[in-house]
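Worth knowing before you read on, the calculation uses all heavy atoms, side chains too, and leaves out hydrogens, waters and symmetry mates. Small disclaimer: the values here were computed from a predicted structure and weren't measured.
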Amino acid sequence: MISLNGPFSLEHTLLCGQFFRFRREARADGNWFFVMNGPALIKARQTQEGLEYDAVNAGEHDIRRLFGLDHDLPSILSSIQKDDHMREAVSKYAGLRVMRQDPWQCLVSFMCSSNANIPQINRMTTNLAARWGTPLELDGFSTKAFPTPEQLRGASLQDLLSCGLGFRAKFVHELCSNQPDFDELRRMSYADAHEKLMEIDGVAEKIADCVSLFALEKMEAFPTDVWVERAVRELYFNGENVSTRKAREFGRQYFGEHAGYAQEYLYYWRRMKDVKQAKQV
DNA sequence: TTCCAGGGAATCA
DNA sequence: TGATTCCATGGA
């Protein structure tokens, strides 16, 4: 059992679109999340007392880091709640935390995210794991870890295409023979790490921002996809057309050193708004 | 059928 | 720099 100091929602944290390798399971003793991050398989659920878990290849320290439980959330949230829009998003999805993912899994996952939707990304990463990952088992739940660079290096371009990667296959294939030094990237400033990531074929500003934020602890990154751009346009530019670059620059300057947190609440809030409207029709 | 999805590269002005 | 177009794929 991990005790929590400060707000946390396991559900919002996993469902907000920052992470793809998890499954929810209803069991006799309640609902659990099974989370596959790098070599680790974590079984977790939230209770009154805190975060109940069991895990293979991960300990309490790793789990705290994965879910951002070391972040000073009250302080971060007060720094980004600059208007009523953000206050609404923050109160609606209270306890959402930015994760600290395995960087390799994060980079490959977001390479797969290019011009794809979330179910598609889930399918691609699941296919990769199923084919090349190391088997994992915990409490009757069997799965595969996300393949390491060495494991994925065994995949041919044709193999990757058969996993549904489409035009992204050649980027992943190339990445496997030339993976970045994530420890070095983590030590760099955000600007330097972002620039270095963008040298990778198939990685431009948005994906470099996602990896910077979700794996390299660069909280000032403001990944700007179509949903975030939409939210920025509607909330802060009076519905006027805004370029992706302008929306990104606005977000970074307006929200400051924890812009990444603001981005994640905005993204989830804006996306869920459409999901709920679609359900009402 | 057409449109869209946590985009990026290539091309052209 | 900025705008278009193409890139696979599957769901709505």
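- Taking the P atoms as reference points, C:dC6 lies 23 Å from B:dG6, given to the whole Å.
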(request) Could you summarise the pairing of DNA chain B as dot-bracket text, marking Watson-Crick and G-U pairs under 3.5 Å with ( ) or [ ] inside the strand and | across strands? (result) .||||.|||||||
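- With no hydrogens or angles considered, no side-chain donor-acceptor pair links A:Thr224 and A:Arg245 at under 3.5 Å.
- Here the range on DNA chain B touched by chain A, meaning any atom under 4.0 Å from one of its heavy atoms, is B:dA5 to B:dA9.
- Classification of the A:Phe67-A:Phe8 ring pair by plane angle, with boundaries at 30° and 60°, yields tilted.
- A:Arg248 and A:Asp209 are joined by a salt bridge, as a carboxylate oxygen and a charged side-chain nitrogen come within less than 4.0 angstrom of each other.
- Residue contacts for A:Glu229: at a heavy-atom cut-off of 4.0 Å it reaches no nucleic acid atom on any strand shown.
- A:Arg270 comes within contact range of no nucleotide atom at all, as no heavy-atom separation falls under 4.0 Å.
- One atom, CZ of A:Arg123, and another, P of C:dG10, lie 7 Å apart when rounded to the nearest Å.
- Taking the nucleotide of DNA chain B with the nearest heavy atom to each of A:Phe110 and A:Gly202, the more 5' of the two is matched to A:Phe110.
- Residue-level contact check: A:Ile118 touches the backbone only, with heavy atoms under 4.0 Å from sugar-phosphate atoms and none from bases.
- At a threshold of 4.0 angstrom between heavy atoms, the contacts of A:Phe214 include nucleobase atoms, whether or not backbone atoms are also involved.
- Among the atoms of the strands shown, base atoms are found under 4.0 Å from some heavy atom of A:Cys16.
- Aromatic ring orientation, A:Tyr268 versus A:Tyr93: tilted (interplanar angle from 30° to 60°).
- Listed for the A:Arg23 side chain is no donor-acceptor partner under 3.5 Å among the backbone atoms of A:Trp32.
- Each of A:Met198 and A:Gly17 has a nearest nucleotide on DNA chain B; the 5'-most of these lies closest to A:Gly17.
- The aromatic rings of A:Phe237 and A:Phe250 sit perpendicular, their planes meeting at an angle over 60°, well past the 30° parallel limit.
- Within 4.0 Å (heavy atoms only), A:Val203 reaches sugar-phosphate atoms of the nucleic acid but no base atom.
- A:Leu161 places its CG atom 12 Å from the P atom of C:dG10, with the value rounded to the nearest Å.
- Following rounding to the nearest Å, A:Arg245 (CZ) and C:dT1 (C1') show an atom-to-atom distance of 7 Å.
- In this structure, CE of A:Met124 is placed 17 Å from P of C:dC7, rounded to the nearest angstrom.
- Salt bridge present: A:Glu217 and A:Arg65 bring a charged side-chain N and a carboxylate O closer than 4.0 Å.
- A:Asp225 and A:Lys206 are not joined by a salt bridge, as no carboxylate oxygen comes within less than 4.0 angstrom of a charged side-chain nitrogen.
- If you measure from atom CZ of A:Phe171 to atom P of C:dC6, you get 17 Å, rounded to the nearest angstrom.
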(request) Verify side-chain contact (heavy atoms from CB on, under 4.5 Å) between A:Leu175 and A:Met111, making sure each step is shown before the conclusion. (result) CA-CA 10 Å; A:Leu175 179 69; A:Met111 260 190 177; 3.9 Å; yes
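- The distance between atom CG of A:Asn241 and atom C1' of C:dA3, rounded to the nearest whole Å, is 12 Å.
- A:Trp104 and A:Gln179 share no side-chain donor-acceptor pair at under 3.5 Å.
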